[in-house]
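This report concerns only the one structure given below.
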Number of protein chains: 2
Amino acid sequence: MTFAEPAAETCAGERDCKHGRSTNGCDDCKVRLFSVCGALEPAELDELDRLSQVKNFPAKAMLFDQGALAGSVFNVTEGIVRLYKSLPDGRRQIVGFALPGDFLGLALMDRYGVAAEAVTPVRVCRFSRAQFLSYVDGKPHLLRRLHEFAGHELSLAQDQMLLLGRRTADEKVAAFLLNLQARYGRIGAMSVNVPLPMSRQDIADYLGLTIETVSRTLTKLTKEKTVLVVPDGVRLLSTDRLDQLAAA
Amino acid sequence: MTFAEPAAETCAGERDCKHGRSTNGCDDCKVRLFSVCGALEPAELDELDRLSQVKNFPAKAMLFDQGALAGSVFNVTEGIVRLYKSLPDGRRQIVGFALPGDFLGLALMDRYGVAAEAVTPVRVCRFSRAQFLSYVDGKPHLLRRLHEFAGHELSLAQDQMLLLGRRTADEKVAAFLLNLQARYGRIGAMSVNVPLPMSRQDIADYLGLTIETVSRTLTKLTKEKTVLVVPDGVRLLSTDRLDQLAAA
DNA sequence: GTTCGGCATTGATATGGGTCAAAGCGTCCA
DNA sequence: TGGACGCTTTGACCCATATCAATGCCGAAC
């Protein structure tokens, strides 16, 4: 079983973005589809695109560190980025994975609140924060949209708090798989084949578990024919069962 | 030992807000000091104040339910509000406590992402979402400020994710007490006497623990002379020790 | 003042998930 | 082609926290 590169077949023009061209790294159009672009006119999108600069990071490269001065805003074009906070003794909590189309640093604060590290090789397009700010400042409609978007992010963070504080290991893993499936679905074709490019340690640090528990839970789900663990990912055999476990 | 009502001695004019009068429910000035008011001129603040409407809720009253249409924006003037998400089987995660000065519904989304319930009797000033939106829409500087504020909220949520996913019971309780102390400090005088108007169940649901564990942890901290449990609150005897436990 | 009801505390016990340790298993490179 | 390294899985055991069950405490109602 192979997984489609999630970034491979998407074009912003085919979705809710007015930018009528492929945005996946083609020469004249670097920014990828994103949730706020519906607020922009094609001309505005072109302008935004002109501000951007494509940048590549190998796996494990830091995009930025927690607490660092926030000099850039990034739009992930390809690959996966982990966002995390750490404790001095090394304990780590991954607060999210950024997939193609996601923005980093959109809070537009002085300093980054989390660290960002490439899980896979990553392509981003980068904006200088200053330029992005001045671009945004003249566009109240975009600002409104960004704010709404921030509210959505907050809501997701609160869901994750519920998951971390009140769910069992089984429920956590089930919710994670379904959530990832849904997110891949938004940037490619919805499929029962869910790539897991991140390590077990990453998954554990995202769900507040240990690698061993993640591994055991996956084999347990495999034994009950709910999922099938394959190289680099998971095939969801019974989304019903997963839904039941993850029950809202 | 008694606790000062945290709301009693604050005046926005003494802080970073340009509104040079007491904002604690006096007749001509209902809105309480809040983090975005620095972005507003006195005249704008007056206008905002004119839009508002004072409202009281008894303890345990719902201000709004999760998923309900977001008709209002609230500014808490007095009392404490718990914000939470629940699972169908009743498990609950409190995602935050709103203290005097805090806003509810500032994400300005269509629906509330969490439920809000009065812990103590609560006074708020209410804005209709529509009015608040149109008030805000003409003020890009305020919108920027609101967005920054949302970013800060997100950062707090991420801290809480780290706490829920990776900290022990002791660390959770220590961090909670220090955090609460700091927040009271912002609306009144910083004190080692930290009122705990919320129940142990609330604290447990905030920290991802059970009441018993919260209780045991507090008695453990009491035995080691780190805190002193008193009626309706806690006295912090060794913030050093608590800092050490909560170590960022 | 007494009783009642709702929380909080404490104790005894159970268990989900953590820890420690040892195999497995790919994959990359010599 | 093989060996070594890194990641994952599996197993055995343990412990932090949950669960279950009293008991204690305090404020409200009468």
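Chain A is the first sequence line, chain B the second, and so forth, proteins listed ahead of strands; every chain is numbered from 1. Just so you know, these numbers come straight off a predicted model, no measurement behind them. Hydrogens, waters and symmetry mates are skipped; everything else that's a heavy atom, side chains included, is used.
The nearest whole Å value for the distance from the NZ atom in A:K172 to the P atom in C:dG16 is 14 Å. Protein atom CD of B:E171 is 12 Å distant from nucleotide atom P of D:dA16, rounded to whole Å. Whole-Å rounding puts the A:R167 CZ to D:dA18 P distance at 17 Å. Per the geometry, CZ belonging to B:R91 stands 13 Å off C1' belonging to C:dG16, to the nearest Å. When rounded to the nearest whole Å, the span between NZ of B:K220 and C1' of C:dT9 equals 16 Å. As rounded to whole Å, 13 Å separates atom P of C:dC7 from atom CG of B:D205. Straight-line distance from the CD1 atom of B:I211 to the P atom of D:dC20: 12 Å, rounded to whole Å. When the P atom of D:dG6 is taken as reference, atom CZ of A:R200 falls 19 Å away, rounded to whole Å.
Considering only side-chain atoms of B:A169, the nucleotide from C:dC7, D:dT17, C:dT10 that sits closest is D:dT17.
DNA chain C forms stems at C:1-30 with D:1-30, each a run of 3 or more consecutive Watson-Crick or G-U wobble pairs whose two key distances fall under 3.5 Å.
For the pairing with A:V227, the side-chain contact (heavy atoms from CB on, under 4.5 Å) check across A:V192, A:T239, A:L177, A:L237 returns one residue only, A:L177.
With hydrogens and angles disregarded, a donor-acceptor distance shorter than 3.5 Å links the side chain of B:Q181 to the backbone of B:S191. Using a distance-only test at 3.5 Å, with no hydrogens or angles considered, a donor-acceptor pair links the side chain of B:T217 to the main chain of B:T213. A:R91 places no side-chain N or O within donor-acceptor distance of the main-chain N or O of B:G165, the cut-off being under 3.5 Å. Of the possible polar contacts, none joining the B:R166 side chain to the A:Q93 backbone as a donor-acceptor pair under 3.5 Å is found. Using a distance-only test at 3.5 Å, with no hydrogens or angles considered, a donor-acceptor pair links the side chain of A:Q160 to the main chain of A:Y206. Judged by distance alone, the side chain of A:D170 and the main-chain N or O of A:K172 form no donor-acceptor pair under 3.5 Å.
The pair A:R186-A:D102 does not count as a salt bridge, with every side-chain nitrogen at least 4.0 angstrom from each carboxylate oxygen.
Nearest-nucleotide positions on DNA chain C for A:T168 and B:M198 put B:M198 closer to the 5' end.
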Contact pattern, 5' to 3', of nucleotides 18-28 of chain C - B, S or - by protein heavy atom under 4.0 Å: SBB--------
Stepwise salt bridge (charged side-chain N to carboxylate O under 4.0 Å, His left out) test for B:D205 and B:R82: CA-CA 10 Å; B:D205 284 347; B:R82 61 178 158 249; over 6 Å; no
